[in-house]
2 protein chains.
Amino acid sequence: MTRERWREIRALIERDIMDGVLEPGARLPTEPELATQYEAGRHTIRRAIAELAKEGHLSVEQGRGTFVQPRPMIDYPIGRRTRLRRNLGAQGIDVTSEPFGADRIPAEGRVARMLNLSEGSPVIASRRLSHADGVPVSFGTLYHDAERFPDIAERRIGLGSVSAVYRSYGIEDYLRGQTQIHARPARSEEARRLRQHPDMPVLVVRALDRELDGTPLAYGQVIWSAARVRFSINIDDEDAG
Amino acid sequence: MTRERWREIRALIERDIMDGVLEPGARLPTEPELATQYEAGRHTIRRAIAELAKEGHLSVEQGRGTFVQPRPMIDYPIGRRTRLRRNLGAQGIDVTSEPFGADRIPAEGRVARMLNLSEGSPVIASRRLSHADGVPVSFGTLYHDAERFPDIAERRIGLGSVSAVYRSYGIEDYLRGQTQIHARPARSEEARRLRQHPDMPVLVVRALDRELDGTPLAYGQVIWSAARVRFSINIDDEDAG
DNA sequence: ATCGATTTGTTCGTATGTATA
DNA sequence: GTATACATACGAACAAATCGA
């Protein structure tokens with residue numbers, strides 16, 4: 001029995017992807033076909049494919065096949081003024097987003113602390129999924145004080161960007177306060193939403209937006225596809241671009 | 001036969017960890033034992049264990065066993081003044097680091113551009129592995145202009161922190177310029193260095209340090225364990241703490 | 001220092017369920 | 001409905017790493 005045959009196969013397939021023998025979007029031969037081609041068992045093939053899928057090179061779809069996946073990386077600047085549309089638009093990326101639910105819930109723990117509200121005060125949690133050039137890149141929840149922004153969920157549906165919603169409340173400018181970033185494996189439901197393989201990690205970004213005088217505006221948690229996004233922190237730049 | 005039994009088993013083990021039935025550091029029963037206990041095949045058990053290991057709850061060691069892993073999260077602030085020791089020391093974390101190699105190589109591509117050197121100019125690449133409270137948390141490479149800092153590798157061995165090395169060159173202060181963050185699955189060698197499971201992701205941080213007048217000092221790429229670190233970006237704070 | 005027992009890692013074979021076209 | 005292709009599952013054997021006698 002050979003030693004770590006799945007690694008050899010993994011490397012062979014990866015080489016074919018890198019060399020362009022397997023073009024982005026192309027379908028791999030079926031697992032039994034690969035098994036005979038590489039003179040290995042189907043388990044071994046699956047292990048190699050799983051590894052490549054985890055790294056974002058392949059996307060495995062039950063009942064359809066296994067496909068070579070292109071991996072565009074977008075660069076998302078984080079700074080004093082962090083604006084999704086303006087920042088990505090400058091890179092020639094078309095950003096769209098769709099709401100998928102909003103709730104009026106009592107603020108608890110971190111949300112209450114960050115928004116400077118007492119535990120249990122009502123907040124509006126509005127959820128959105130964002131696409132860049134048609135591919136899902138992130139989804140997340142934004143929490144607002146329900147007393148100050150009672151109808152924010154409705155306004156977010158009508159108006160495109162967060163900035164536009166704030167302008168409708170008379171807030172012309174706001175700044176990004178604290179931002180926290182960490183990474184972890186994706187839950188299966190998150191992977192499904194982002195249309196990425198379950199083994200690909202996600203980046204979790206928690207952030208607080210403030211008015212110019214320091215008043216907390218919104219606290220949010222956004223899950224980003226680690227395969228599709230990279231963050232840039234430009235501390236000096238006024239516009240974070 | 002096929003009702004995703006491995007997910008059930010995964011959930012059962014995870015519950016035992018969360019409830020404290022399995023304490024941090026405890027060894028799980030062997031795979032064959034778990035197989036009989038849960039009335040499943042060994043493959044199914046392994047699938048459940050692999051998932052939990054990927055999420056950082058378990059650490060699997062060939063020839064020894066499978067252990068419940070505690071997951072301390074350290075908070076690493078990124079700001080104008082980003083200093084490993086001072087920032088983590090303030091959290092009561094003991095930071096140590098050891099060099100593991102240095103080379104004099106020609107600058108290429110990104111390194112040359114960031115350091116404002118012409119392609120092929122000699123740079124010193126010095127590599128270090130850092131521990132927080134004895135656990136490896138990151139390793140990476142720092143690139144310096146070889147003309148300006150010819151013996152930086154030697155000085156980094158003698159002196160503890162990066163700041164101390166710069167002071168020995170007469171540089172009293174420096175600022176963090178651009179920082180880029182992204183996440184990806186760990187290569188097996190990286191996982192070994194960080195003593196984390198191969199399926200746990202890593203965070204990749206690329207950063208440029210500048211002198212107060214803007215002159216590039218060093219460009220670095222550091223791989224952080226996603227299981228053990230979280231980044232905080234405090235844009236307003238002068239000391240990023 | 002060596003051997004053997006223990007435990008996880010890899011591989012094969014085979015069968016059956018589930019999703020897609 | 002049928003065929004195709006991936007997902008899950010069981011069993012068995014051997015390899016590799018670890019540890020203690």
Side-chain angles (χ1 to χ4, degrees), chain A residues 1-13 22 25-54 57-69 186-189 191-192 195-200, chain B residues 1-13 22 25-54 56-69 186-189 191-193 195-200:
Chain A
M1 220 156 293
T2 45
R3 205 175 76 257
E4 308 218 336
R5 180 114 179 81
W6 70 266
R7 281 184 196 280
E8 300 174 26
I9 294 167
R10 191 212 99 114
L12 288 169
I13 297 175
L22 292 165
R27 218 199 76 187
L28 260 68
T30 69
E31 289 172 355
E33 275 168 8
L34 288 168
T36 50
Q37 180 182 329
Y38 288 112
E39 296 179 353
R42 200 163 83 97
H43 282 309
T44 313
I45 298 296
R46 279 176 65 75
R47 178 73 192 266
I49 287 176
E51 203 77 5
L52 285 163
K54 189 180 76 182
H57 297 299
L58 296 177
S59 107
V60 188
E61 297 175 39
Q62 182 172 356
R64 295 195 58 224
T66 302
F67 303 87
V68 180
Q69 197 157 39
R187 308 196 205 297
S188 60
E189 154 213 339
R192 221 178 319 119
R195 277 198 251 134
Q196 68 178 22
H197 190 274
D199 286 345
M200 192 72 200
Chain B
M1 167 128 84
T2 66
R3 214 178 56 272
E4 304 217 334
R5 178 116 181 80
W6 68 267
R7 281 185 196 278
E8 299 173 26
I9 294 167
R10 190 212 99 113
L12 288 170
I13 297 175
L22 292 165
R27 219 199 77 187
L28 261 68
T30 68
E31 289 171 355
E33 276 168 6
L34 288 168
T36 49
Q37 180 182 326
Y38 289 111
E39 295 180 350
R42 206 181 134 216
H43 283 308
T44 312
I45 299 295
R46 281 175 63 74
R47 177 77 190 266
I49 287 176
E51 204 76 4
L52 286 164
K54 191 179 75 183
H57 297 297
L58 295 177
S59 110
V60 188
E61 297 175 40
Q62 182 173 0
R64 300 221 316 128
T66 303
F67 303 86
V68 180
Q69 196 158 39
R187 308 195 204 298
S188 59
E189 156 212 339
R192 220 179 319 120
R193 276 234 180 78
R195 279 198 251 135
Q196 69 177 21
H197 190 274
D199 287 344
M200 192 72 202

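By convention in this document, chain letters (A, B, ...) are assigned in the order of the sequence lines, proteins followed by strands, and residues within each chain are numbered from 1.
A 4.5 Å side-chain heavy-atom check between B:E51 and B:W6 finds at least one atom pair inside the cut-off. A:I9 has its side chain out of reach of A:L34: every pair of non-hydrogen atoms, C-beta onward, lies at least 4.5 Å apart. Looking at heavy atoms from C-beta onward, B:R10 lies in side-chain contact with B:L52 at the 4.5 angstrom threshold.
Taken residue by residue, residues 35-49 of chain A places heavy atoms nearer than 4.0 Å to DNA chain C at A:E39, A:A40, A:G41, A:H43, A:T44, A:R47.
Note on A:T66: every side-chain N or O is 4.0 Å or more away from OP1 and OP2 of D:dA5.
Distance B:R64 CZ to C:dA5 P: 21 Å, rounded to the nearest Å. Regarding B:E61, its CD atom lies at a distance of 10 Å from the P atom of C:dG9, rounded to whole Å. Taking atom CD1 of residue B:I9 and atom C1' of nucleotide D:dC10, one finds them 12 Å apart after rounding to whole Å. The CD atom of A:Q62 sits 6 Å away from the P atom of C:dA19 (whole-angstrom rounding). One can place CZ of A:R7 at 10 Å from C1' of C:dG9, the figure rounded to the nearest angstrom. Look at CZ on B:R10: it is 13 Å from P on D:dT8, rounded to the nearest Å. The distance from atom CD of A:E4 to atom P of C:dT8 is 17 Å, rounded to the nearest whole Å.
No N or O donor and acceptor, one from the side chain of A:E31 and one from the base of D:dA5, sit under 3.5 Å apart.
Sequence neighbours left out, the pairs with a member in residues 26-39 of chain A that pass side chain to side chain donor-acceptor pair (under 3.5 Å) are A:E31-A:R42, A:E31-A:R46.
Under the Watson-Crick and G-U wobble criteria, each requiring two contacts below 3.5 Å, nucleotide D:dG1 is left unpaired.
The CD1 atom of B:I49 sits 11.0 Å away from the OG atom of B:S59 when rounded to the nearest 0.5 Å.
The side-chain hydrogen bond (donor to acceptor under 3.5 Å, both in side chains) test applied to A:R47 returns no partner, not counting sequence neighbours.
When all heavy atoms of A:A40 and A:I45 are compared, the pair lying nearest together is CB-CD1, 4.5 Å.
Residue A:W6 places its side chain closer to C:dT10 than to any other of D:dC6, C:dT10, C:dT8.
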